[in-house]
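Remarks on the structure that follows.
For reference, positions follow the sequence shown, starting with 1. Hydrogens, waters and symmetry mates play no part in the numbers below; they use all other heavy atoms, side chains included.
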Amino acid sequence: MSVHSQTRRTSVPQLMARKGQEKIVALTAYSAPIARLMDGVVDMILVGDSTAMVAYNMRDTLSITVEQMAAHAAAVVRTAQQPCVMVDMPFGSYQESPQQAFKNAAHMLAVSGADGVKLEGGEPLAATTQFLVERGIPVLAHVGLMPQYVNTMGGFRAQGMSDESAQRIMQDAAAHQQAGAWGVVIEGVAESLGRQITQQLDIPTIGIGASPACDGQILVTEDILNLSGGRIPRFAHTFADAASVITQGIQAYADQVRSGDFPTKDNCFGVKKG
Ligand code: KIV
């Protein structure tokens, strides 16, 4: 029996059934230690391409590769047994054609064992969503503020502030629903728009800087644990100060190595304890 068939993960249909019933709790994870800590607590883990900025300190999300995303997703899937795991399609891995998207999505799922993919894009990418879904790949769409469009947007700016822009984002979300997406991440939009999209769609919306009315919420884990080097977006909140605890541990280790208090005999081989 394979490792995957022994796990009891929350499935995509189970998340879809939460619409209007129970909030979906989602966070990002890129590594085994963080995935371990959220197993049994969150409903969905996103191995987001924010990996580029958070784990590799890149300027934006554009430079992370399919192989890097697949490796991070594999670490998360191996470790967290219960949440549904989605992996982001990185920039340049799906925009060229639906066929290119399928090839890269299938590869990432084969390498990692993740349950589906997320892709950023408006209505023009709905045909790609349909192509993937018809071939067995669950798709979580991502509309509104789309970090992979940072260069065309001229920065990471909230979207949907004008009637015209709000209308377009509404159409983007509806087009992905029509194409078979199981859910939509709505990022960085006016609260009223996040609420309206949630009311109009039959599939779950997962908000990040969108609206409390969304069917679920997602944040970057490092942002809520004060591990992002102080650059926390307005829509996030520090729920615990892991940075202080980790800094204390590192300092205590350094102090004891310098003073000769560590290692003790208990940490050595071939030495009688006490
Ligand atoms: O890359 C990412 O982490 C994301 C979200 C936080 C939604 O897309």
On a heavy-atom basis, the closest approach of Asp202 and Gln177 is N-OE1, 2.7 Å
Side chain Thr238, main chain Ala240, donor-acceptor under 3.5 Å: no
Check whether any side-chain N or O of Arg59 sits under 3.5 Å from a backbone N or O of Met53 as a donor-acceptor pair, and report yes or no. no
Applying the side-chain contact (heavy atoms from CB on, under 4.5 Å) test to Ile246, which of Leu227, Asp241, Asn226 qualifies? Leu227
Report yes if the side chains of Val76 and His72 come closer than 4.5 Å at any heavy-atom pair, otherwise no. no
Could you tell me whether the side chain of Gln199 and the main chain of Gln196 form a donor-acceptor pair under 3.5 Å? no
Side-chain heavy-atom pair Met44, Leu15 within 4.5 angstrom cut-off: yes
Apply the test side-chain hydrogen bond (donor to acceptor under 3.5 Å, both in side chains) to residues Tyr30 and Thr221: give CA-CA distance (whole Å), side-chain angles for both, the deciding distance (0.1 Å), then the verdict. CA-CA 10 Å; Tyr30 323 119; Thr221 299; over 6 Å; no
Atom of Met58, atom of Ile64 and distance for their closest heavy-atom approach: SD-N, 4.3 Å
Do the side chain of Asn104 and the main chain of Ala101 share a donor and acceptor less than 3.5 angstrom apart? no
Indicate, with yes or no, if Ile137 and Val111 share a hydrophobic cluster defined by side-chain heavy-atom contacts under 4.5 Å among Ile, Leu, Val, Met, Phe, Trp and Tyr. no
Please walk me through it: do Asp88 and Met69 pass side chain to side chain contact (heavy atoms under 4.5 Å, CB included)? CA-CA 7 Å; Asp88 249 334; Met69 291 303 300; 3.9 Å; yes
Could you check whether any side-chain heavy atom of Ile45 comes within less than 4.5 Å of a side-chain heavy atom of Val42, counting everything from C-beta outward? yes
Report the distance from atom CG of Leu225 to atom CZ of Phe239, rounding to the nearest 0.5 Å. 10.0 Å
CG/Leu193 to OG/Ser165 distance, rounded to the nearest 0.5 angstrom? 7.5 Å
d(Gln130 CD, Arg135 CZ) to nearest 0.5 Å is 9.0 Å
Quick check on Tyr253: does its OH atom have over 12 non-hydrogen neighbours (other residues, nucleotides or ligands) under 6.0 Å away? no
Does the side-chain hydrogen bond (donor to acceptor under 3.5 Å, both in side chains) test come out yes or no for Thr129 and His176, once each step is laid out? CA-CA 7 Å; Thr129 290; His176 282 282; 2.9 Å; yes
According to a 4.5 Å side-chain heavy-atom criterion applied to Ile, Leu, Val, Met, Phe, Trp and Tyr, with indirect links allowed, do Leu27 and Val54 form part of one hydrophobic cluster? no
Could you go through the side chain to side chain contact (heavy atoms under 4.5 Å, CB included) check for Ile24 and Gln217 one step at a time? CA-CA 7 Å; Ile24 296 171; Gln217 298 292 330; over 6 Å; no
I want to know whether Tyr149 and His142 have ring centres closer than 6.0 Å. no
Is atom CD of Gln178 surrounded by more than 12 heavy atoms (other residues, nucleotides or ligands) closer than 6.0 Å? no
Any salt bridge between Arg18 and Asp43, counting N to O under 4.0 Å? yes
Where do Asp39 and Pro83 come nearest, in terms of heavy atoms and distance? OD1-CD, 3.1 Å
Starting from the C-alpha separation in whole Å, work towards a yes-or-no answer on side-chain hydrogen bond (donor to acceptor under 3.5 Å, both in side chains) for Glu120 and Tyr94. CA-CA 10 Å; Glu120 292 178 17; Tyr94 62 100; 5.0 Å; no
Can any side-chain N or O of Ser112 pair as donor or acceptor with the backbone N or O of Ala74 at less than 3.5 Å? no
The test is side-chain hydrogen bond (donor to acceptor under 3.5 Å, both in side chains); show your working for Asp163 and Gln167 and say whether it passes. CA-CA 6 Å; Asp163 286 352; Gln167 182 66 23; over 6 Å; no
Are any of the side-chain heavy atoms of Met89 and Lys118 separated by less than 4.5 Å? no
Indicate yes or no for a side-chain donor-acceptor contact from Asp49 to the backbone of Pro90 under 3.5 Å, with no hydrogens or angles considered. no
Compile the donor-acceptor pairs under 3.5 Å between side chains in residues 206-215 and protein atoms, sequence neighbours left out, one pair per line.
residue, atom, partner, partner atom, Å
Ser211, OG, Glu191, OE2, 2.6
Ser211, OG, Ala213, N, 2.9
Asp215, OD2, Lys19, NZ, 2.8
Asp215, OD2, Thr205, N, 2.8
Asp215, OD2, Thr205, OG1, 3.3

Taking every heavy atom of Val87 against every heavy atom of Ala114, the minimum-distance pair comes out as CG1-CB, 3.9 Å
If we only count heavy atoms from C-beta on, is the Leu132 to Val117 side-chain gap below 4.5 Å? yes
Distance alone, cut at 3.5 Å: any donor-acceptor contact between the side chains of Gln68 and Thr65? yes
Please indicate whether Lys103 has more than 12 foreign heavy atoms, meaning atoms of other residues, nucleotides or ligands, lying under 6.0 Å from its NZ. no
Using the side chain to side chain contact (heavy atoms under 4.5 Å, CB included) rule, take Leu219 and Phe235 through it: C-alpha gap first, then chi angles, then the decisive distance, then the call. CA-CA 9 Å; Leu219 284 172; Phe235 52 69; 3.8 Å; yes
If you take all heavy atoms of Ala126 and Ala175, which pair is closest and at what distance? CB-O, 3.7 Å
Identify whether Val220 and Phe91 are in the same connected component of the hydrophobic contact network (ILVMFWY, side-chain heavy atoms under 4.5 Å). no
Cluster question for you: counting only ILVMFWY and a side-chain heavy-atom cut-off of under 4.5 Å, with indirect links fine, are Ile186 and Phe156 together? yes
Got Val150 and Leu62 here, is their nearest side-chain heavy-atom distance under 4.5 Å? yes
Straight-line distance of Arg36 CZ to Gln81 CD, nearest 0.5 Å: 10.5 Å
Please tell me if the side chains of Val184 and Val143 come closer than 4.5 Å, counting only heavy atoms from C-beta onward. yes
Could you go step by step and tell me if Thr28 and Val47 meet the side chain to side chain contact (heavy atoms under 4.5 Å, CB included) rule? CA-CA 6 Å; Thr28 60; Val47 185; over 6 Å; no
Taking atom types as modelled, find out whether Glu187 and Gln159 have a side-chain donor-acceptor pair closer than 3.5 angstrom. no
Gln95 side chain vs Gly92 backbone, donor-acceptor pair below 3.5 Å: yes
Keeping the roles fixed (side chain from Arg168, backbone from Glu164), state whether a donor-acceptor pair exists under 3.5 Å. no
Would you say Val25 and Ile34 are hydrophobically clustered, going by side-chain heavy atoms of ILVMFWY under 4.5 Å? yes
How about Phe102 and His107: do any of their side-chain heavy atoms sit closer than 4.5 Å? no
Check whether any side-chain N or O of Gln99 sits under 3.5 Å from a backbone N or O of Glu96 as a donor-acceptor pair, and report yes or no. no
Which heavy atom of Asp223 sits nearest to which heavy atom of Ala236, and what is that distance? CB-CB, 4.0 Å
